[in-house]
Structures are given as C-alpha cells and as structure tokens.
There are 2 protein chains.
Amino acid sequence: MGSTDKTAVPTRVRLSRDRVLSSAIALADTAGIEALTMRRLGEDLGVEAMSLYNHVANKDDLLYGMIDRVYGEIDLPSPDDQWKSALRARCISFREVLARHPWATGLKDSGTRPGPSTLRHHDRVIGILRSGGFSLALTAHAFSAVDSYIFGFAMQENSLPYTTEDESAALARAFLANLPGEEYPHLAELTTQHVLQPGYRYVDEFPFGLDLILDALERRLTGPQDPKHNRTV
Amino acid sequence: MGSTDKTAVPTRVRLSRDRVLSSAIALADTAGIEALTMRRLGEDLGVEAMSLYNHVANKDDLLYGMIDRVYGEIDLPSPDDQWKSALRARCISFREVLARHPWATGLKDSGTRPGPSTLRHHDRVIGILRSGGFSLALTAHAFSAVDSYIFGFAMQENSLPYTTEDESAALARAFLANLPGEEYPHLAELTTQHVLQPGYRYVDEFPFGLDLILDALERRLTGPQDPKHNRTV
DNA sequence: ACCTGAACACCGTTCAAGT
DNA sequence: ACCTGAACACCGTTCAAGT
C-alpha cells in the first residue's frame, strides 16, 4: 500500500536467522514450546513454513539457536569481582532468565552443541572460580553443583501449575481437599501450616538453597582440605 | 497355536492399564521418549493404537502414570532412620532411578497431578525431616534444595551426548579441537586438564554436591538459628 | 538466492461400527 | 466391555518449481 517502491509490491522485511530466532523465542514465551511449530512460526513471520529452512537447518538447529540466545541473556559478571558475589549475581540472573523462558529449562541440547554465547558464559564462570582460588577439581564440582541446583529449581518452579499467588493458594486448597490426610499426614501438615500460609511463594525458596551451596563452597575453599573431594590437580 | 481354548483363536493377554504403563516405560527407556507414540506402543502390545484409549484417558494421562511408576521405584527409607543417612540414601536412589528413566527428568507433570506413589514418597521424605527436628519452614527449604539439585543433576547428566567413558573422552576431544582456545582459555584448560584426565566421569560429581547440601543443612539445623531462613512456624 | 505449493510419512484423537 | 478402521486436523521435512 503506501510504499514508494517503483514496484507496487508492499516492501517486506527480509527473513534472516536473527528474525527467525527472535520470533521463535517470542512464540515459545507467549504460547508455550508446544505451540512452536514450523508452520505457526512461518505464519507469525508472514511466510510459508518452508522458507524457514533457508535460515535454519531444521527444527533442532532452531532450538539450539534459541538456547544460545538464552545463555546470552544471563548477566555476565566482571571477572574482577569477588568470586562469591559474582557467582551469586550470575545465579540469580540465570534463574530469572529461565523463568522468563520456561521452555529453555527442559531442553537438553545445551550440552551437545554449545553456541558462542554459551561458551562465553561458561568460560567466564570458570574464570571467576579460578581467580577466586578454586582448583580445577573444585571448579568442576562447584560449577556442577550450582548449575544443577539452578536447572532443577527452574524445572520445579515451571512445573507448578499456577502463576499468581492467588491461583497458587486456590490450587493448594483444591489439592488438599482431595488429599486423604490420614494417609499422608506430613504432606497435609506442610501444605496447610506452611504452603497455604499468607505470603508463601515457591520462588522465595531459591535464595535459601543458593546460599546454602555458596556458603558450603566457601567453607570447602578456605577451610581444611578434604582429601576426598578437594584434591588439587 | 497350541491353545487349549475351545475357540481356536490364539489366547491373547488382555490389555490393562498396568500392561500399557509397563510397555510404555520399556519403550521410552530403550528407544527414547520421542519414540513413544500411541501407534508404536500399540504395535508393541499387539493392538491397534485406539485400543489404548480404553485404559488411559489420553497421552498426558499415560505420561502421568509413567511418572508415578518412576516415583514408586525410589527406595523409601524407613522413617526410623537418622534423617541425614536416610535422606542421603533416598537421594542416591532417586538419581539412579532418573538415570534409568532419562525421559522422566524433563517431564514437568509430577507437580500438577501427583499419583499415589508420588504422594507416598513425598510424605515419607517430609516425615523423615520432621522427625529429624526440622521446622516446617526448614523442611520446605531442605526438600526444595535437595530435589532441585537431583533434578538438575539428572538433567545435566542426561544431556551429555555420550554414554560410555570412551565416547565421553572422544567427544570431549572433538569439542576441544573445534574450540578456539585463545577465546575461551578457562574452558579449554578445564577440559584438557580435568575432564580429559583418565577416570573422569561426570556422574562422580553427584556425591560432592549432595554432601555439600546435606552438611550445610545439618549445620543450619544444629547451629545457631538464622533468623532469615530458619524461622520456626 | 530466496520463497512456494504439493506431497510424504508421520502424529494424537474422534467416532461409528463391530464382537 | 473392549477392540477396530476410517477419518480429521495436525506435524517436520523433501523436492521441484517458480522469481
């Protein structure tokens, strides 16, 4: 329509890998990963599904690209900061990113084909620990422990069937109503006396476990050497 | 063939929800969760896909049933055991179960519709912590921290592209060959100097993080009260 | 070089029909 | 009560054809 092109054809933004990835992430964020189909993604971009294959090799490649974008969103702490506060900030940012992109939590492809943002991120985290005095073995231990916790927490958080606090309470109440309390007394007690108390939000559990791990790592680092776990290289 | 039935029709084992679940788990274990389709599952059971709908409501219901079976496989420690060793044994069993059924790790449905085995398991874990002297708040903290770690570890373990130690080394070597080492020096160092050292297996990282968390929980339990995290009910 | 239409081999699920 | 065949509305992906 109002195009000043000499051809009367409406100017169309060219497709690109970047645009495909951005649109795919937006779609997965808003409609869920199961809504991300090549046909629907093409529709969102005003293009036939088959055109996407000019910019991504296949759907797996698309998912790899999306995952690398997610890693790129995590705040990269400066390597000059003190290891504990730097790592803590990075972990908090990581969880927020995974909450923003729930579909990314279960995607197991990050390990197989890490993209440039993923590699940069990993290198920085390792560097922070090494600068903080961690041996190679303790660095591997720490990285594994911390990221396992974050991934697992995000997964549990995402698997909760509610989003708002009100919904949460309503569902916990419904859950409790169906629960044979005499059969599961401890579960019933924890639900009524703790989870259903005003102000409870599962996400608030995150810092407890994170600080538990970080404090324990600090103790392993500065305290007496544990020959079982903290052998030097 | 050799049937002693009065009808000459070969006796066929009747379908049942139990048989459907067992067959589905076996299929997912051996061929991967993406191979678990209603048609393929029907084939394995010698039946048309549509017959399955007489025993499961739909595919989601099938997955719920499978998840509950998985929870049923976790060793339930006796509630009379000391909390730390009981919880530790349960965590080790849990990780083993998830390694046996990798498809169960990413399934987020456990929280939404817990089955009887899942409820029994949760009730027992909560009971062990409560008997060990954990407040309700600390019980919730501990449960979340420990299970986040286990789920996340299993996810990372399952996302590794190899299974045997030799494969692992070969792939790490290939990874390293493609890695621009000057761009990611810390990642390159950790890979060559630690991961590629003989005898390294990622699964061996598990007890480090687990004991890190359990020791820290014990300290929170017996040590000076932390008003931020360990408030009583 | 990039986009498209038709086609292929799949999905989960429904429904009426069989026994 | 349980099983089936055909059908529906989807998938990811290929391939030759268009521009």
Side-chain angles (χ1 to χ4, degrees), chain A residues 3 5-28 30-67 103 106-109 112-113, chain B residues 3 5-28 30-67 103 106-109 112-113:
Chain A
S3 166
D5 255 8
K6 42 191 166 188
T7 83
V9 179
T11 20
R12 216 169 26 196
V13 191
R14 278 297 235 43
L15 222 51
S16 68
R17 187 173 226 266
D18 251 35
R19 285 191 63 225
V20 170
L21 288 179
S22 299
S23 199
I25 290 173
L27 178 55
T30 57
I33 190 71
E34 73 283 350
L36 174 63
T37 69
M38 300 304 267
R39 283 168 170 89
R40 170 80 185 272
L41 179 56
E43 204 177 312
D44 283 8
L45 285 160
V47 107
E48 296 300 316
M50 302 76 204
S51 307
L52 302 172
Y53 288 88
N54 289 309
H55 302 97
V56 295
N58 47 41
K59 194 171 181 181
D60 266 355
D61 183 39
L62 174 68
L63 293 171
Y64 287 134
M66 291 167 71
I67 291 275
W103 47 267
L107 256 42
K108 49 174 56 162
D109 311 304
T112 5
R113 275 180 40 180
Chain B
S3 165
D5 254 9
K6 40 189 166 189
T7 83
V9 179
T11 19
R12 223 182 5 208
V13 190
R14 277 300 234 41
L15 221 50
S16 67
R17 190 182 165 89
D18 250 33
R19 285 192 63 225
V20 170
L21 288 179
S22 299
S23 198
I25 290 173
L27 178 55
T30 56
I33 190 71
E34 72 283 351
L36 175 63
T37 68
M38 301 303 268
R39 283 169 171 88
R40 171 79 186 272
L41 179 56
E43 204 177 311
D44 284 9
L45 286 159
V47 106
E48 296 300 316
M50 302 76 202
S51 306
L52 302 171
Y53 288 89
N54 289 307
H55 302 97
V56 295
N58 48 39
K59 195 169 180 183
D60 265 357
D61 183 40
L62 174 67
L63 293 171
Y64 287 133
M66 292 167 71
I67 291 276
W103 46 268
L107 257 42
K108 48 174 54 161
D109 311 305
T112 7
R113 277 181 40 181

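Below, all heavy atoms of this structure are taken into account, side chains as well, without hydrogens, waters or symmetry copies. Labels below follow one simple rule: chain letters A, B, ... track the order of the sequence lines, proteins then strands, and each chain is numbered from 1.
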**Q** By nearest nucleotide on DNA chain C, pick out whichever of A:A49 and A:R39 is the more 5' one.
**A**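 Comparing both residues, the 5'-ward one is A:A49.
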**Q** Does the structure show a Watson-Crick or G-U wobble partner for D:dG5, both distances under 3.5 Å? Name it, or say none.
**A**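 With both distances under 3.5 Å, D:dG5 matches C:dC15.
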**Q** For A:Y53 and C:dC2, what is the distance between atoms OH and P respectively, to the nearest whole Å?
**A**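 My rounded result for the distance is 17 Å.
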**Q** Got a second to check how far B:W103's CH2 is from B:I67's CD1, nearest 0.5 Å?
**A** 6.0 Å
**Q** Determine, step by step, whether A:D61 and A:R17 satisfy the side-chain contact (heavy atoms from CB on, under 4.5 Å) criterion, reporting the C-alpha distance in whole Å, the side-chain angles of both residues, the deciding distance to 0.1 Å, and the verdict.
**A** CA-CA 11 Å; A:D61 183 39; A:R17 187 173 226 266; 2.7 Å; yes
**Q** Can you tell which of D:dT4, C:dC11, C:dG5 lies closest to the side chain of B:M50?
**A**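 So the nucleotide nearest the side chain must be D:dT4.
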**Q** Rounded to whole Å, how long is the line connecting atom NE2 of A:H55 with atom C1' of C:dC2?
**A**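 It is 7 Å, rounded to the nearest whole Å.
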**Q** Do any side-chain nitrogens or oxygens of B:S51 fall under 4.0 Å of OP1 or OP2 in D:dC2?
**A**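 No, outside the criterion.
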**Q** From CG of B:L63 over to C1' of C:dG12, roughly how many Å is that when rounded to an integer?
**A** 12 Å
**Q** Starting at CZ of A:R17 and ending at C1' of C:dC3, how long is that distance when rounded to a whole Å?
**A** 18 Å
**Q** Side chain of B:N54: nearest nucleotide among D:dC2, C:dC11, C:dG5?
**A** D:dC2
**Q** Using the side-chain heavy atoms of B:E48, tell me which of these nucleotides is nearest: D:dT4, D:dT13, C:dT4.
**A**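 The nucleotide sitting nearest to the side chain is D:dT4.
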**Q** In whole angstrom, give the distance that lies between atom CD of B:E43 and atom P of D:dG5.
**A** 14 Å
**Q** Nearest-Å distance, CD1 (A:I33) to C1' (D:dC11)?
**A**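 Checked: the CD1 to C1' distance equals 14 Å.
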**Q** For the pair made of CG in B:L52 and P in C:dC11, what is the distance, rounded to whole Å?
**A**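 Whole-Å distance recorded here is 13 Å.
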**Q** Less than 3.5 Å apart, which donor and acceptor atoms pair up between the side chains of residues 31-51 of chain A and the rest of the protein, not counting sequence neighbours?
**A**
{"from": "A:T37", "atom 1": "OG1", "to": "A:R40", "atom 2": "N", "distance (Å)": "3.1"}
{"from": "A:S51", "atom 1": "OG", "to": "A:E48", "atom 2": "O", "distance (Å)": "3.4"}

**Q** Write down the partner of C:dC10 under the Watson-Crick or G-U wobble criteria, each distance required to be under 3.5 Å.
**A**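 Its partner is none (no Watson-Crick or G-U wobble pair with both distances under 3.5 Å).
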**Q** With rounding to the nearest 0.5 angstrom, report the OG1 to CD1 distance, A:T30 to A:I25.
**A** 11.5 Å
**Q** Which whole-number value in Å describes the distance from B:N58 CG to C:dC11 C1'?
**A** 14 Å
**Q** To the side chain of A:V47, which of D:dC3, C:dG5, C:dC3 is closest?
**A**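 Among the listed nucleotides, the one closest to the side chain of A:V47 is C:dC3.
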**Q** Measure from the side-chain heavy atoms of B:R14 and tell me the nearest of C:dT13, D:dC2, D:dT13.
**A** D:dC2
